[in-house]
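All remarks here apply to the structure that follows.
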Amino acid sequence: MAGPITIVTLTTDFGTASPYVAAMKGVLLGVNPGMQLVDLSHHIPPQDVRHTAFFLAAALPYFPPTALHIVVVDPGVGTKRAILYVEVGGCRLLVPDNGCWTALSDAGSPPLVIRLDEARFWRAEVSNTFHGRDIFAPVAGHLSLGVDPQLLGPVITDWTHLPQSTPLRADKSITGEIIFVDHFGNLISNIPATMTADLPPDRRVSLASIGVQRWVRTYGETEAGALIALFSSAGTLEIAEVQGNAARRLGVGVGTEVVVSWD
Amino acid sequence: MAGPITIVTLTTDFGTASPYVAAMKGVLLGVNPGMQLVDLSHHIPPQDVRHTAFFLAAALPYFPPTALHIVVVDPGVGTKRAILYVEVGGCRLLVPDNGCWTALSDAGSPPLVIRLDEARFWRAEVSNTFHGRDIFAPVAGHLSLGVDPQLLGPVITDWTHLPQSTPLRADKSITGEIIFVDHFGNLISNIPATMTADLPPDRRVSLASIGVQRWVRTYGETEAGALIALFSSAGTLEIAEVQGNAARRLGVGVGTEVVVSWD
Amino acid sequence: MAGPITIVTLTTDFGTASPYVAAMKGVLLGVNPGMQLVDLSHHIPPQDVRHTAFFLAAALPYFPPTALHIVVVDPGVGTKRAILYVEVGGCRLLVPDNGCWTALSDAGSPPLVIRLDEARFWRAEVSNTFHGRDIFAPVAGHLSLGVDPQLLGPVITDWTHLPQSTPLRADKSITGEIIFVDHFGNLISNIPATMTADLPPDRRVSLASIGVQRWVRTYGETEAGALIALFSSAGTLEIAEVQGNAARRLGVGVGTEVVVSWD
């Protein structure tokens, strides 16, 4: 993947009341004042690598290849965990080696993964607790100035994979689980639309033994307060409360079992 | 309103822990990597069209005409509600047809309103639940590349109006209501400064039968903790607690009655 | 400090559900549509000047000199408090005269401080409650267009200083305090690494009489749940819970006493 980097995006669990995001932006613009900085999120739940993985898979494929995505959700900061430059499915990332990006890797050719080793692209003094500022940001700055990723360190072929949960299909049912709860309290499962394409029209959805009332196309089709099943914009089965918050109403979250069944 | 669009702003109720804003930014920059993206808010309360209307009316008039404002607070997504391109009072918007923009329309000439119909400017696959990514973002991208708005669909003359509440003036009183609560808990009413210009100096303000202590010019004029009335930066009567949170202290919010009275 | 301003950053306590940040961005881009706008934070706790001071000191030194930093945490808005243009330690700021920037001033040469007096660089109508929109933003716009700061008003030599707390060293102990709680609940003290360099290896840390278990290099060195002391990325002693929230767990915050002691 050649071509210039003109856009640098930021995804962190830093919040914005703390000075960490601001310090990273300072370092980035200090190296390359001409880059276009784009905030993706600073409200990933603290240290939540699974949330990060879903977030990246649902957002990064829409970006042009001129973007470099910095991801700092990094419980292992300062330990021996590596920092990686990754090219996968048309996306370029700087990530801690914690598997947050591996859900992106299904698409076709194998990823290119480089382990950041060359300290000459880092800040002169590297703290033990803030590699976002001291390694990720200056490296991104240099990449955006045209530094060849191959100069950052060795190509590696072994990295941390985040295990992905897979729904199970039985004779009269599919059993999956909630893998993401969005800002509206919508509960997004790991059951893909493709897996339900051939089901009979009487298929039912239940969530932690609670029956869902209707299977619809979109939220506005039903009255406020209805508990519905539909396909999420990520292409998997979603349970939602119309103009409400299903997660709060049902008191469920990531990991809750979802069953689609039919007669 | 001719002239190029160089700035694209985003106002949503998506929050930032979910990948929706990020996906929209990806689509926008995918169509036009050279645009300037500006976040206005991703923390509009979920599905709150009235909050959106106040927000837009208080912010958009300050932008230059080179800005296009994308607004996705859209309880009707996926139903037959239209999506509109609007030129009003020197502002250009892409909005769901839910009235969120009609408070902007007081100023002079009638708005130009176009209903988005031409799917060739949309993403090839349009989901039922995420038109922000699949319609708003690519259309904004194309507009910023110079596509003539008239190509997006037909000009229409009928759209959803959001009813605006109007304060009532009686012999010895004005009765209005709280229409917005800001981040500081300041309570902003619909009573304009112009309506109170000729009142005697002994006019009093009460809110849900609670008397306000002083009518002042600005917060810092009085001691911390005082409950005050003053004119908001939007030009209407506001009730605030100095260095405190009036909404939390009084337990009131949007819709609470405000009375100005005199002898 | 000569040289152009191409980047304008924003640090406020406005939140983003309210239209205040958006209105400021509109005014800024209205004056200079070509500037690069960068959000640092809109979630400074309301009116918290000390939080602002820590935030700025930890972030601004990383920015290039082409940045102008607008800071609007301003409990005194509309009173006689001045608004200042400041050049200090290689940074340029527009700030209310409340001391939020004086922690930046340790580094070498004395700051240049100009009091904003020249209303011709302001909006024509200045409200009593929103100087961010009516003064800070248009002045920043003009500075980014090349206006000489000396035209904004007189150079002054007297301004508000924010008192800084200093740790005390005794024979067998150092006593400091928590000065910042970050997004992760990490408790950052005012005890600099330099002050502890010569301590014996058996030095202990306690916080409000609670003993800290281990003094480590970084979070990931210890098991989840451990209460640790380490050096923060700002270079001072920090108390943290590994993969947890120390502030919530201990119920402590800014002002809590921290003691390092040895035998």
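Order of the sequence lines sets the chain letters (A, B, ...), proteins ahead of strands, with each chain counted from 1.
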Subject >> Interface residues of residues 25-43 of chain A facing chain B - non-hydrogen atoms under 4.5 Å apart >> reply: Gln36(A), Val38(A), Asp39(A), Leu40(A), Ser41(A), His43(A)

Subject >> Crowding at CG, Asp148(B) (>12 non-hydrogen neighbours, <6.0 Å) >> reply: yes

Original post:
In Å and rounded to the nearest 0.5 Å, what is the CG to CG distance from Leu84(B) to Leu93(B)?
Top reply: 10.0 Å

**OP:** Using a cut-off of under 4.5 Å on heavy-atom pairs, state which of Gly78(B), Pro75(B), Ala137(B) scores highest against chain A.
**Re:** Gly78(B)

Original post:
Does Thr218(A) offer a backbone N or O that forms a donor-acceptor pair with the side chain of Asn128(B) under 3.5 Å?
Top reply: no

**OP:** Identify which part of Arg81(B) has an atom lying under 4.5 Å from any heavy atom of chain A, answering side chain, backbone, both or neither.
**Re:** neither

**OP:** Supply the atom-to-atom distance Thr160(B) OG1 to Asp97(B) CG, rounded to the nearest 0.5 angstrom.
**Re:** 3.5 Å

**OP:** Would you name the heavy atoms of Thr52(A) and Cys100(A) that are closest together and state the gap between them?
**Re:** CG2-CB, 3.9 Å

Original post:
If only atom types and distance count, is the side chain of Thr102(B) paired as donor or acceptor with the main-chain N or O of Leu162(B) below 3.5 Å?
Top reply: yes

**OP:** Tell me the residues of residues 180-189 of chain A whose non-hydrogen atoms fall below 4.5 Å from those of chain B, in number order.
**Re:** Phe180(A), Asp182(A), His183(A), Phe184(A), Ile188(A)

**OP:** Apply side-chain contact (heavy atoms from CB on, under 4.5 Å) to Val252(B) and Ile178(B), showing your working.
**Re:** CA-CA 9 Å; Val252(B) 302; Ile178(B) 298 303; 5.6 Å; no

Original post:
When rounded to the nearest 0.5 angstrom, what is the spacing between CZ in Arg50(A) and CG in Asn98(A)?
Top reply: 11.5 Å

**OP:** Hey, could you give me the CG/CZ distance between Leu116(B) and Phe121(B), rounded to the nearest 0.5 Å?
**Re:** 9.5 Å

**OP:** Find the distance between OG1 (Thr11(B)) and CZ (Phe55(B)) and round it off to the nearest 0.5 Å.
**Re:** 5.0 Å

Original post:
Do other residues, nucleotides or ligands put more than 12 heavy atoms under 6.0 Å from the CZ atom of Arg248(A)?
Top reply: no

**OP:** Could you grab the distance from atom CZ of Phe130(B) to atom CE of Met24(B), nearest 0.5 Å is fine?
**Re:** 6.5 Å

**OP:** Apply side-chain contact (heavy atoms from CB on, under 4.5 Å) to the pair Ile83(B) and Trp122(B), showing each step before the final yes or no.
**Re:** CA-CA 12 Å; Ile83(B) 302 175; Trp122(B) 307 354; over 6 Å; no

**OP:** Check whether any side-chain N or O of Arg92(B) sits under 3.5 Å from a backbone N or O of Pro65(B) as a donor-acceptor pair, and report yes or no.
**Re:** yes

Subject >> Within residues 140-147 of chain A, residues adjacent to chain B where the heavy-atom gap is under 4.5 Å >> reply: none

**OP:** Kindly say whether Gly176(A) contributes a backbone atom to a donor-acceptor pair with the side chain of Asn190(A) at under 3.5 angstrom?
**Re:** no

**OP:** Tell me, for Val77(B) versus chain A, whether the close heavy atoms (under 4.5 Å) come from the side chain, the backbone, both or neither.
**Re:** both

**OP:** Verify side-chain contact (heavy atoms from CB on, under 4.5 Å) between Trp101(B) and Val113(B), making sure each step is shown before the conclusion.
**Re:** CA-CA 11 Å; Trp101(B) 63 277; Val113(B) 182; 3.8 Å; yes

**OP:** Carefully, step by step, assess Ile179(B) and Glu177(B) under the rule side-chain contact (heavy atoms from CB on, under 4.5 Å).
**Re:** CA-CA 6 Å; Ile179(B) 57 168; Glu177(B) 63 175 333; 4.2 Å; yes

Original post:
Side chain of Asp13(B), backbone of Ile44(B): donor and acceptor closer than 3.5 Å?
Top reply: no

Original post:
Of all the residues in residues 223-246 of chain A, which have a heavy atom that comes within less than 4.5 Å of a heavy atom in chain B?
Top reply: Leu230(A), Phe231(A), Ser232(A), Ser233(A), Gln243(A)

